[in-house]
Amino acid sequence: MSYAAWIILTASLVGLSCGLIGVFLILRKMAMMSDAISHTVLLGIVCAYLVTKEVSGPAMLVGAILAGLLTAFLVQWLHSLDIQQEASIGIVFTTLFAIGVILIATSVGNAHLDVQHALMGEITFIPWNTTVLPLIGSVPKATVLLAFVFVVALIVIIAFYKEWKLTSFDPALAASLGIPVLFMHYVFMTLVSITTVASFDAVGAIMVVAMLITPASSAYLWTDRLSVMLLLSCAFGVISAVIGYFIALWLDTSISGSMAFATGILFLISFIFSPKHGILAKYVRPTKAY
Amino acid sequence: MEDEVVLSVENLSASYRKNIVLHDIQFNVRGGTLIGIVGPNGAGKSTLIKTLLEMHPRLTGSVQFFGTSFKKAKKKIGYVPQRGSVDWDFPTNALDVVMMGLYGQIGWLKRPSRKHKRKACEALEKMGMEAYADRQISQLSGGQQQRVFLARALVQEADLYFMDEPLAGVDAQTERAIMQTLKELKTNGKTVLVVHHDLQTVEDYFDHVLLLNRTVIDYGPTARVFTKENISKTYGGQLRWMKEESRHVVHSVE
């Protein structure tokens with residue numbers, strides 16, 4: 001495959017996995033948790049590097065999961081001590097991120113890891129860093145990792161679909177039916193962590209937030225069904241990735257930046273033209289029909 | 001089921017944000033009763049239900065359902081949260097919300113079958129909501145949303161129900177439909193505890209009353225417990241007694 005094809009495929013996988021996870025982030029009103037985790041996984045990656053002395057997929061995944069869970073746990077803990085949810089998120093992720101930055105500067109400082117790369121990502125270089133898979137041949141490492149994470153996330157979401165729906169809509173009823181709400185919260189945080197770390201190489205910590213939240217928010221405007229929202233969100237993620245690639249090509253600029261820009265454009269279009277919740281529709285049909 | 005103790009609470013206390021909101025709670029509930037939990041704002045009515053159902057930690061005391069622990073009796077217990085506790089913009093429809101009441105029975109890794117769907121439809125029909133099964137939940141009125149919640153409780157086929165303000169902000173027609181359903185549940189030997197805010201209707205709706213203000217002020221048959229003295233004790237004298245001593249009323253629920 002050509003370099004362009006690998007880049008588009010990788011970007012599309014980012015769109016797919018982020019679109020899938022993003023829907024539940026929005027519905028659970030945890031959009032800002034993704035911002036927090038996208039930063040704290042840096043600490044996880046740095047720690048994984050310090051332990052294994054290499055930047056490898058599995059070690060990074062484990063590091064990210066631990067960092068993501070630590071973030072979720074600390075936020076929950078501070079919140080239980082009467083600190084506002086938003087404030088606890090702000091305190092926890094900036095502190096953990098700062099530790100990551102200090103570690104990079106003091107202990108790791110070499111070509112493998114740098115803050116610039118972690119924040120912005122560089123999808124352009126992904127096709128150069130390959131591994132050989134049986135039957136398929138030479139494949140970029142980041143693409144393999146993303147495909148793996150997407151499959152895991154998809155299986156977990158589909159297998160426990162009704163439980164995800166119920167714990168998102170009405171956690172009190174879920175708890176009274178005996179569904180382990182808190183445990184599922186941490187499982188979900190794990191999914192957010194692995195999705196974030198897998199997308200990290202491609203789009204970086206900041207753009208991954210755009211890919212997680214914006215396609216899902218756009219999808220929310222188009223439908224009243226959760227299953228359709230999931231499909232639309234994934235579709236919007238992929239469309240943004242592809243459009244973003246060509247915008248970057250056309251303007252000769254950052255691919256990850258263009259992808260995030262494309263998600264914004266899609267959201268704007270949805271916000272104006274969506275037949276159900278768009279602002280145009282509100283003018284045409286001013287009252288709700290009961 | 002009738003006359004058997006279905007819920008026994010001993011020496012229960014709970015705190016919320018470092019303040020003790022419930023203390024020395026003690027009462028027994030017999031099967032086949034319809035109980036109104038009445039008290040001022042901040043009396044701990046919702047917290048009491050949440051603490052009983054282990055959604056809120058308890059500091060002291062013990063709770064027994066059907067003579068056993070909550071975990072073992074879970075399947076016999078139904079819960080209707082406050083309508084405002086969920087996001088009604090969630091992308092789902094009325095039938096789907098009712099179906100959620102069955103998720104415990106359906107079990108992990110399984111999808112709802114046709115049988116479950118039929119059950120949910122029947123419950124909607126019972127609440128007069130069958131025409132709205134496919135309606136997005138944000139497009140329902142407050143009363144209709146509450147009826148969907150009640151239908152969801154019905155499909156659970158529990159023996160003991162806890163309902164948090166099911167009559168708050170609903171239209172007269174919905175109030176009648178809900179009370180009709182509650183009385184039917186009682187006739188079938190079920191027990192229902194309802195957090196209620198409208199003092200005017202307590203005598204018409206409930207055969208037992210639990211007056212609550214941080215602790216149980218009094219509990220028992222409505223005729224004995226729901227007296228002027230007890231009410232002003234519960235509300236701390238802030239409340240002006242508006243009801244006439246004797247009046248000829250048309251009962252809103254027949």
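This is a predicted model, so every value here is computed, not measured. Residue numbers begin at 1 in each chain, while the letters A, B, ... track the order of the sequences.
Proximity to chain A (any heavy atom under 4.5 Å) is shown, for B/Q105, by neither the backbone nor the side chain. Residue contact with chain A, scored on non-hydrogen atoms closer than 4.5 Å, is absent for B/Y16. Of the atoms belonging to B/V80, not a single heavy atom falls under 4.5 Å from chain A. No part of A/S80 comes within reach of chain B, as not one of its non-hydrogen atoms sits under 4.5 angstrom from that chain. Looking at A/K29, the atoms closer than 4.5 Å to chain B (heavy atoms on both sides) all sit in the side chain, from C-beta outward. Contact of A/F169 with chain B is made through backbone and side chain together, with heavy-atom distances under 4.5 Å. Residue A/I26: no heavy atom, backbone or side chain, is found under 4.5 Å from chain B.
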| message | Walk me through whether A/M229 and B/T92 qualify under side chain to side chain contact (heavy atoms under 4.5 Å, CB included). | response | CA-CA 10 Å; A/M229 184 176 166; B/T92 186; over 6 Å; no
| B/R111/A/K162 under side chain to side chain contact (heavy atoms under 4.5 Å, CB included): CA gap, chis, key distance, verdict | CA-CA 8 Å; B/R111 300 196 162 271; A/K162 67 182 196 303; over 6 Å; no
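Between chain B and the residues A/I179, A/L177, A/D82, the largest count of heavy-atom pairs under 4.5 Å involves A/D82. When each of B/L109, B/I137, B/L53 is checked for heavy-atom pairs under 4.5 Å with chain A, B/L109 comes out on top. Heavy-atom pairs under 4.5 Å with chain B were tallied for A/G178, A/P171, A/S227; the largest tally goes to A/G178. Of the listed residues B/P112, B/G78, B/A153, B/G107, the one with more heavy-atom pairs under 4.5 angstrom with chain A than any other is B/G107.
Annotation for B/Y219: atom OH counts as buried by contact number, over 12 foreign heavy atoms lying within 6.0 Å. Within 6.0 Å of NZ in B/K117 there are 12 or fewer heavy atoms belonging to other residues, nucleotides or ligands. Counting heavy atoms of neighbouring residues, nucleotides and ligands inside a 6.0 Å radius, atom CD of A/Q84 does not exceed 12 of them. Other residues, nucleotides and ligands contribute more than 12 heavy atoms inside 6.0 Å of the CZ atom of B/F70. The number of heavy-atom neighbours closer than 6.0 Å to CZ of B/F27, taken from other residues, nucleotides and ligands shown, is above 12.
Between B/P91 and A/L27, the closest heavy-atom pair is CD-CD2, 3.5 Å. Annotation for B/M55 and A/S176: closest pair CE-CB, 4.0 Å, computed over non-hydrogen atoms.
One distance of note links CG of A/L166 with CG of B/L102; it measures 11.0 Å at 0.5 Å rounding. Taken from NZ in A/K165 to OH in B/Y103, the straight-line distance is 3.5 Å, to the nearest 0.5 Å. How far CG of A/L173 is from CZ of B/F149: 7.5 Å, rounded to the nearest 0.5 Å.
Take B/R152 and apply the salt bridge (charged side-chain N to carboxylate O under 4.0 Å, His left out) test, not counting sequence neighbours, and it matches A/D170. Partners of A/T167 under the side chain to side chain donor-acceptor pair (under 3.5 Å) rule, at least two apart in sequence or in another chain, are A/R28.
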